[in-house]
Amino acid sequence: MRLDGFCAVTDHDLYTDVSEDDHHSAPSGSRFAINGQPIAGSSVYNLDVDIGKTGCKVLRAVLRGNLTVDIQGHAGVFVIGTDVTTESSAIGIRPYPSGTQSYMGGYSRLHGDSYLSHEGTFGTGIRLNDVYISGSDVRFVFQNTTPTTQSLVAFGSVVCK
Amino acid sequence: MRLGGEEGPRSHDSLSGIGSDDHHPSPVRVSIDNITQVLAGGTDYNLDIPLGKSGLSFARVQLMGPDVSGGGGNLWRESAAVHVTDDTGDAIGHSVRTAGNFRSYVSTYSKAVGTTNLSHKIFDNDAAGRRIALKDASIVGSVLRLVFHNYDAGPKTLWVRGEAVLW
């Protein structure tokens with residue numbers, strides 16, 4: 001029941017000195033499409049995806065590469081992470097060299113693995129090494145494991161909270 | 001009930017009846033560190049991971065069993081990746097079990113549509129025949145509850161590690 005002059009404590013309209021997002025950290029997300037970014041041999045490339053806000057603590061992302069797996073499927077990973085480096089874990093998928101079968105398995109930087117995907121998931125010899133929130137970006141760290149320049153292909157979506 | 005003239009608070013300090021974290025729990029990440037636990041034959045085991053707070057309603061959980069496959073720059077583990085809510089029987093996810101030759105058995109599991117488990121039998125340390133599966137996962141109060149089941153007639157030792165993000 002509400003009476004005249006009542007000021008509801010939970011109405012966000014009454015929080016005049018803070019934005020709604022500051023008040024309870026609304027989730028945020030972004031999509032990205034990288035198709036042909038060169039990475040020098042044996043080098044790392046940091047893909048910074050702007051998520052439009054700071055303060056997020058955790059992330060969930062799904063990425064796909066360019067190798068095909070069965071009908072309209074591709075190599076890729078699904079990954080979780082935080083705002084700290086090497087606290088991420090993932091399951092990665094990569095096609096078997098012949099047919100429509102796949103390699104698939106789990107990785108965890110948190111528990112000591114050095115990377116989050118199979119080699120070649122995101123271009124010849126390119127794998128995902130780490131994912132974390134950095135300011136208003138989510139940083140995806142890709143590694144070219146070959147001695148020559150290769151092209152990164154990564155399409156994805158990330159949500160943060 | 002509040003009466004006229006009362007001023008609406010402008011800061012969390014004013015929300016005296018509730019903790020700020022209860023009001024809008026901030027996200028958390030928890031680690032599941034090399035759990036080893038003997039499960040009697042045919043029994044469930046509730047692995048409760050403390051979250052330090054209540055009010056969380058969603059989790060994404062990544063779990064790994066002991067088996068490693070692949071080679072060179074492609075070492076990976078048998079795993080399960082699960083979406084979890086604060087309702088039991090609501091979880092859905094994927095599971096991976098090695099099939100030799102570096103290939104994998106892969107499957108989708110959903111408690112919401114009636115599957116019994118959430119993973120392959122990958123979470124024990126008996127390489128001769130793993131028999132422990134993830135059976136359910138949910139947020140219960142201030143813990144993330146992972147329910148494992150031993151499908152063997154005799155005791156098996158649970159072996160699991162991983163992490164989860166929750167909000």
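These numbers come from the heavy atoms of this one structure, side chains and all, not from hydrogens, waters or symmetry mates. Lettering follows sequence order; numbering is per chain, from 1.
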Quick check against the 3.5 Å criterion: does [X] have a side-chain atom that pairs as donor or acceptor with the backbone of [Y]?
{"X": "B:Trp76", "Y": "A:Gly92", "value": "no"}
{"X": "A:Tyr103", "Y": "B:Asn74", "value": "no"}
{"X": "A:His111", "Y": "B:Asn34", "value": "no"}

Reported [atom1]-to-[atom2] distance for the pair [X] and [Y], which is rounded to 0.5 angstrom:
{"X": "A:Tyr115", "Y": "B:Leu75", "atom1": "OH", "atom2": "CG", "value": "4.0 Å"}
{"X": "A:Glu87", "Y": "B:Ser31", "atom1": "CD", "atom2": "OG", "value": "8.5 Å"}
{"X": "B:Ile32", "Y": "A:Leu110", "atom1": "CD1", "atom2": "CG", "value": "9.0 Å"}
{"X": "B:Arg60", "Y": "A:Leu59", "atom1": "CZ", "atom2": "CG", "value": "11.5 Å"}

Per-residue contact mode, [X] against chain A (heavy atom under 4.5 angstrom):
{"X": "B:Ser69", "result": "neither"}
{"X": "B:Val68", "result": "neither"}
{"X": "B:Val165", "result": "both"}
{"X": "B:Ala99", "result": "neither"}

message = Could you report the tightest heavy-atom contact between B:Ala164 and A:Ile80, atom names first, then the distance?
response =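 Scanning both residues, the minimum pair turns out to be CA-CD1, 4.1 Å.
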ask   = Any idea which heavy atoms bring A:Val58 and B:Trp167 closest together, and the distance?
value =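 Residues A:Val58 and B:Trp167, closest heavy atoms: CG2-CE3, 3.4 Å.
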request  = Select, from A:Ser114, A:Ser88, A:Gly81, A:Gly120, the one with the greatest count of heavy-atom pairs under 4.5 Å involving chain B.
outcome  =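 Most pairs with chain B among the choices: A:Ser88.
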ask   = Who in residues 134-162 of chain B is close to chain A, using a strict under-4.5 Å heavy-atom cut-off?
value =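 If one takes a 4.5 Å heavy-atom cut-off, the residues of residues 134-162 of chain B near chain A are B:Arg161, B:Gly162.
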task = Please state whether the side chain, the backbone, both or neither of A:Val79 comes within less than 4.5 Å of a heavy atom of chain B.
result =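 For A:Val79, the contact with chain B is made by the backbone alone.
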Chain B contact via A:Ser89 - side chain, backbone, both or neither, heavy atoms under 4.5 Å =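 Its backbone and side chain both get close to chain B.
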